[in-house]
Every structure is written in structure tokens, then in C-alpha cells.
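Step one of this worksheet: look at the structure below.
Start at 1 with the first residue, then count along the sequence. Please read these numbers as outputs of a predicted model, since none were measured by experiment.
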Amino acid sequence: MAAAGASTALAQPKKAPPAAPEPPPPPPPPPGPDPETKAKLDEQAAALAKTAETLAAQQKAIDELIARDADLAKALDAAHASEAELQRRIDAEKQDRDAALAKAKPAVTAGGFAQIDGAWRQSSQDELKQSGDPLNQDRFYVRRARPKLTLEYGKVGGVLEIDANTVNGMQVRPSNIEATYQATPYLRAGMGIAKIPFGYEVEESDRTRLFLERSNAERALFPGEYDLGVKVTGGWKFLRYAIAAQNGEPVGEKGYQLRDPNQAKDLTARAGVDTTSGDIRVAGGFSFLTGKGFHAGTPATKDQLVWRDLNEDGTVNAGEIQVIPGQAATPSGNFDRFAIGADVEVNVDLHDVGKLMIYGEVVAAGNLDRATVIADPIASGRDYRELGYYIAAIHSPTPWSMFGVRYDHYDPDADASELRTGSVVPVDQTMSTLALTGALVVPHGRLILEWDHNRNHLGRTITGTPTNLADDSVILRAQVEL
């Protein structure tokens, strides 16, 4: 019974849970504003939206400004860093330069040479010229004595050379005084007393030249070789050049040595080559000079009363008193002058038989002679045409011997003429020299013997016709080098 009751109890279904209560209905919406209020609210909403847009645009502009300021700040920082780096490099370079200058010492080189000559000349006489100078040239004299100091201090350099001689009495004068600056490996500029950059022979060193003196043309057109001015020289590979603006009154000029009576300056230039191929070296170039010479005016003179004792009786007679009228002053003036030239030099190493050098030069000029037949076209009323040339050969069979031969020719006035028996006839004023030279070479010295066969038209026949004046010379030179 109990079991049956239990089964019955298990078999009865369970009761369902009570249903959830339904949610209350939503409250009714609040009543909407009246149309007028709604319109005001819409206007306020639109204004707020516009204000929001304006604020957004302003914020964007502010952000862009902030970003631009950030970029500017970065650029400024970078510039400051670059400036600091540049300053650091400048300071480092300055320190290095100062340290290098502190360690560097100016290189001063002392040197020089002396040449003492003993001369025997065919035209020498125991007489005096009208100027008072002796005609005798058979004598011993100091031709050149030139102590020299050379300074090199980085790119800056200089030279000081003094010349002492007894050619025309005791003379001591500056020879080469120049301050230079090596701007680049191809350009060196200088100012002072320097050689005129024309041709080969003018710039050839007196210390190394075998022949005792330069050719007749070079001594007439470029007397003394040195002039005051500025000079630029340089080269690149096998090319060479030199340009100078100088006073135009060289050391050996007879009127205004190393001075300048006019404002014009002589412009001289030379361009050339210097190259070597095997045992042969070839050098040469072309030169040009242009400038203005100076003609000195004359002062005014007064009338002069002159007595000429025609019958030499010591008394004044009729017709012996003359009046020489005075003259007005004449002004000074300038005239054009020029020169063109070409030179060539060939050096050959002959090995067992020594070395051979052959060289030559030709110069054509106008109104340029400043020492031999001084050109003054204003005084003469015509231009002067000058022509000179030379050719030379030097053989060095051994390191201690040298032999040379040179022929030079110079015409100082191709249009020269004179009045002869009432007629104007051409006059030959050419001069030439054949020089034979030999030298014994030792360390720091040379002994040179030279014979010069000179031809000229300085003599006169009984009838007054120009003829050769015998003027051969023999000169022995002792040279010592320091």
C-alpha cells in the first residue's frame, strides 16, 4: 500500500510557476513646445552649430600654427647646430693654422756672386771724352758684386739683392727688391724691382750666363733688365706666362732710372712653352711690349748779347756784336713705343760627349732704344725702327768646361740719314758682335775668357764717311758664387 501510494505520488504532474506580471505601459510623452519656442530653439541650435564650426576652424588654424612653429623651431635648432659646427670648424682651422705658423719659421737664404773682369780693348786711348770720362778701357774692374737674401714664409716671399760695381766709378744700388705672393700653384704675383719679362736673354741670370754680356739689341732696348712695377708669373704643365706693368725706365736707362716722368706704364707680356722629350728639351715663346716714351720740354730763354771777335784783335768792331733772340718754352710730350719678339732654345743631352744648347732670339721695335741711339721721335720729327737678333751655341763637353759662340746684330735706326755734300744720304748705324767664349767651371766658381769681334759705324774716314771703328776686346772674368 505504501509502495503504491508512493508511485502514485511520483506520477502526479508538477504545478507550473506563476506568470510574470506585465510591465506597465510607458508614460505618455511630454507635451511639445509651442511653435514659437521651437523656432527659437532651432535658431539657437543653428547658432551653436555655427559657433562649433568656427571654433573647429580656429582650432585647426591654431594646430597648424603650432605645427609650423614646431617646424620653425626644428629648423632654427638645426641652423644653430650648423652654425655651431661651422664655428667649431673655423676655430679648429684657426688653431691648426696658428699652430702651424707657430711651428713654421721663415726660410731665409743668403747667397750671391761676384764678377771681377780684366779687359783689353782695341779702341782704348789715353784720353778723355768731352764728358770727362776716360777713353781707356784696358783695366781691371768689378763688373758685378751682388749679395742676395731670399725670404720664404708660407705663400709670402721676397728678395733683396744689391749691386756694387766700378764700371763708371764706385756704384752701390738696389738690383732686385721684390715682395711676392704665391696665390695658387699656377700664379705668383710680385711688386718691386723685377726683371722685364721679355724674351729669353733679358731674364737670363747674370750668374749662370756664359757670355759676359747680353747682345747689343738687348742692352739697347732693355738696359739694366730691371724695372719697377707689378709682375705676375706662372705656368701649367708645359705652358709658361709672365705679365708686368712697369714704369718703363729701366735701371740702365740714361734719363730717369727707375723713375717715371709720365703717367703711362709699359705693359710687357710673354707666353711660351717648356717641354722635354727623352734627351731633348725645347723651350721658347713670344713677347710683346707697349708703352709711351717721354720727350722733355725746354724752358724759356731770354735774349742774349754775344760778342764774336771775328778778327781776333781783342777789340769790339762793327759786326762782331750779335743778339740771339730768346725762345719760348716748349712743352714736354709723350710718344708711342713698342716691341715684339720671339725666342727659342733647344737643349740636347749628348751623353758621352756632353751637352749642347742652341738658342736664338729676334726683336723688332719702334722708338724703344733707351741706351745706344736714344729714340726721341718728337725731337727728330720721325719714328725710329729698331731690329735686333742673335744666335748662339754652347757646348759643355765635361762638367768642368764650357765653350760658346754667339753672333748678334742690331740696327738702332733703319731710317738713319745725314747731310753729306749738300745731300741727304742714308746712314748705316748697324753694329754686330761675334763672341767666342770658354770657361773653366769649378764648384762655386768659374774662370771665363771671351774674345769679341765688334763691327760698327762709329769711325770716320778722312772725308768724313762713316766706317768701322776697330773695337775688338779680350776679357778675362773671375767669378765666385756663394
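In this structure, S417 OG and Q429 CD are separated by 9.0 Å, a value rounded to the nearest 0.5 Å. I177 CD1 to I193 CD1: the interatomic distance, rounded to the nearest 0.5 Å, is 4.5 Å. In this structure, the separation between CZ on R143 and CD on Q115 is 8.0 Å, given to the nearest 0.5 Å. Separation of atoms CG (D376) and CZ (R382) is listed at 11.0 Å; rounding is to 0.5 Å. Separating the CG atom in N168 from the CG atom in N165 is a distance of 7.5 Å, to the nearest 0.5 Å. Within the model, atoms OG1 of T233 and CZ of R270 stand 12.0 Å from one another, a figure rounded to the nearest 0.5 Å.
In this model, no donor atom of one side chain and acceptor atom of the other lie less than 3.5 Å apart for R139 and N136. Residues T430 and D411 bring no donor and acceptor atom of their side chains to less than 3.5 Å of each other. Side chains of T467 and T461: no donor on one and acceptor on the other come within 3.5 Å. When only modelled atom types and interatomic distance are considered, S215 and E201 share a side-chain donor-acceptor pair under 3.5 Å. Side-chain atoms of D227 and N247 include no donor-acceptor pair closer than 3.5 Å.
Atom NE2 of H351 has more than 12 heavy atoms from other residues, nucleotides or ligands within 6.0 Å. Counting heavy-atom neighbours within 6.0 Å of D126 CG, excluding the residue itself, gives a total of 12 or less. Heavy-atom neighbours of E85 CD from other residues, nucleotides or ligands within 6.0 Å: above the threshold of 12. Within a 6.0 Å sphere centred on CH2 of W451, heavy atoms belonging to other residues, nucleotides or ligands number more than 12. Other residues, nucleotides and ligands place no more than 12 heavy atoms under 6.0 Å from the CD atom of Q263. Heavy-atom neighbours of W307 CH2 from other residues, nucleotides or ligands within 6.0 Å: above the threshold of 12.
Taking both residues in full, the closest heavy atoms of V353 and H395 are given as O-NE2, 2.8 Å, listed atom of the first, atom of the second, then distance. Contact detail for S124 and D138: the closest heavy-atom pair is OG-OD1, 3.2 Å. Contact detail for L212 and E450: the closest heavy-atom pair is N-OE1, 3.0 Å. Contact record, P325 with V323: CD-O, 3.4 Å, taken as the closest heavy-atom pair. Closest heavy-atom contact between D369 and A371: OD1-N, 3.0 Å. Closest approach of S401 to P397, counting heavy atoms only: OG-CG, 3.3 Å.
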> Does the salt bridge (Lys or Arg N to Asp or Glu O under 4.0 Å) test come out yes or no for R88 and D91, once each step is laid out?
Replying inline: CA-CA 5 Å; R88 186 190 66 79; D91 294 340; over 6 Å; no
> Run the side-chain contact (heavy atoms from CB on, under 4.5 Å) check on H444 and L482 step by step: do they pass?
Replying inline: CA-CA 7 Å; H444 304 290; L482 304 178; over 6 Å; no
> Does the pair R370 and E218 meet the rule for a salt bridge (Lys or Arg N to Asp or Glu O under 4.0 Å), with working shown?
Replying inline: CA-CA 10 Å; R370 292 169 280 190; E218 304 299 328; over 6 Å; no
>> Walk me through whether L447 and L476 qualify under side-chain contact (heavy atoms from CB on, under 4.5 Å).
In response: CA-CA 7 Å; L447 186 64; L476 179 65; 3.9 Å; yes
>> The test is side-chain contact (heavy atoms from CB on, under 4.5 Å); show your working for V427 and H457 and say whether it passes.
In response: CA-CA 9 Å; V427 175; H457 294 82; over 6 Å; no
>> If you apply the rule side-chain contact (heavy atoms from CB on, under 4.5 Å), what do you find for Y241 with V232, and how did you get there?
In response: CA-CA 8 Å; Y241 72 89; V232 176; 4.1 Å; yes
> Where do D163 and R173 land on the salt bridge (Lys or Arg N to Asp or Glu O under 4.0 Å) test, with the steps shown first?
Replying inline: CA-CA 5 Å; D163 176 66; R173 59 176 179 81; 3.4 Å; yes
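Using a 4.0 Å cut-off between charged side-chain N and carboxylate O, K231 and E203 make a salt bridge. A salt bridge links E225 with R214: the distance from a Lys NZ or Arg NE/NH1/NH2 to an Asp or Glu carboxylate oxygen falls below 4.0 Å. Salt-bridge formation is not detected for the pair R406/D452: no Lys NZ or Arg NE/NH1/NH2 atom is positioned less than 4.0 Å from an Asp or Glu carboxylate oxygen. Comment: R188 engages E152 in a salt bridge, judged by a side-chain N to carboxylate O separation of less than 4.0 angstrom. Salt-bridge check for D415 with R385: passed, with a basic side-chain N closer than 4.0 Å to an acidic carboxylate O. Ion pair D349/R281 not flagged as a salt bridge, since none of the NZ, NE, NH1 or NH2 atoms sits closer than 4.0 Å to an Asp/Glu carboxylate oxygen. A salt bridge is defined here as a Lys NZ or Arg NE, NH1 or NH2 lying under 4.0 Å from an Asp or Glu carboxylate O, and D266 with K292 fails to meet this definition. Using a 4.0 Å cut-off between charged nitrogen and carboxylate oxygen, D260 and K265 count as a salt-bridge pair. Under the 4.0 Å criterion applied to side-chain N and carboxylate O atoms, E418 and R460 are assigned as salt-bridge partners.
Between F294 and N334, the closest side-chain pair of non-hydrogen atoms falls below 4.5 Å. Using a 4.5 Å heavy-atom threshold, the side chains of I196 and P250 count as touching. A 4.5 Å side-chain heavy-atom check between K355 and N347 finds every atom pair outside the cut-off. A 4.5 Å side-chain heavy-atom check between R146 and F113 finds at least one atom pair inside the cut-off. Between L221 and F198 the shortest side-chain heavy-atom distance does not fall below 4.5 Å. Side-chain contact between R477 and R144: present, with at least one pair of heavy atoms (C-beta onward) separated by less than 4.5 Å. Using a 4.5 Å heavy-atom threshold, the side chains of T437 and I448 count as touching. Between L86 and I90, the closest side-chain pair of non-hydrogen atoms falls below 4.5 Å.
I243 pairs with exactly one of L267, V230, T268 by the side chain to side chain contact (heavy atoms under 4.5 Å, CB included) rule, that one being L267. Shown are N468, N216, T433, D472; of these, the side chain to side chain donor-acceptor pair (under 3.5 Å) with N454 is made only by T433.
Under the 3.5 Å distance criterion, the side-chain polar atoms of R446 are left unmatched by any main-chain donor or acceptor of P443. A donor-acceptor pair under 3.5 Å is formed between the side chain of K195 and the backbone N or O of E204. Panel note: side chain E253, backbone G255; a donor-acceptor pair is recorded below 3.5 Å. Side-chain atoms of D343 never come within 3.5 Å of backbone atoms of G284 as a donor-acceptor pair (strictly under, hydrogens ignored). One N or O on the side chain of S287 and one on the backbone of G199 form a donor-acceptor pair closer than 3.5 Å. The closest donor-acceptor contact from the side chain of T184 to the backbone of L187 lies under 3.5 Å.
Side-chain rings of Y407 and Y390 stay apart, their centers remaining 6.0 Å or farther from each other. Aromatic pair H409/Y389: ring centres closer than 6.0 Å.
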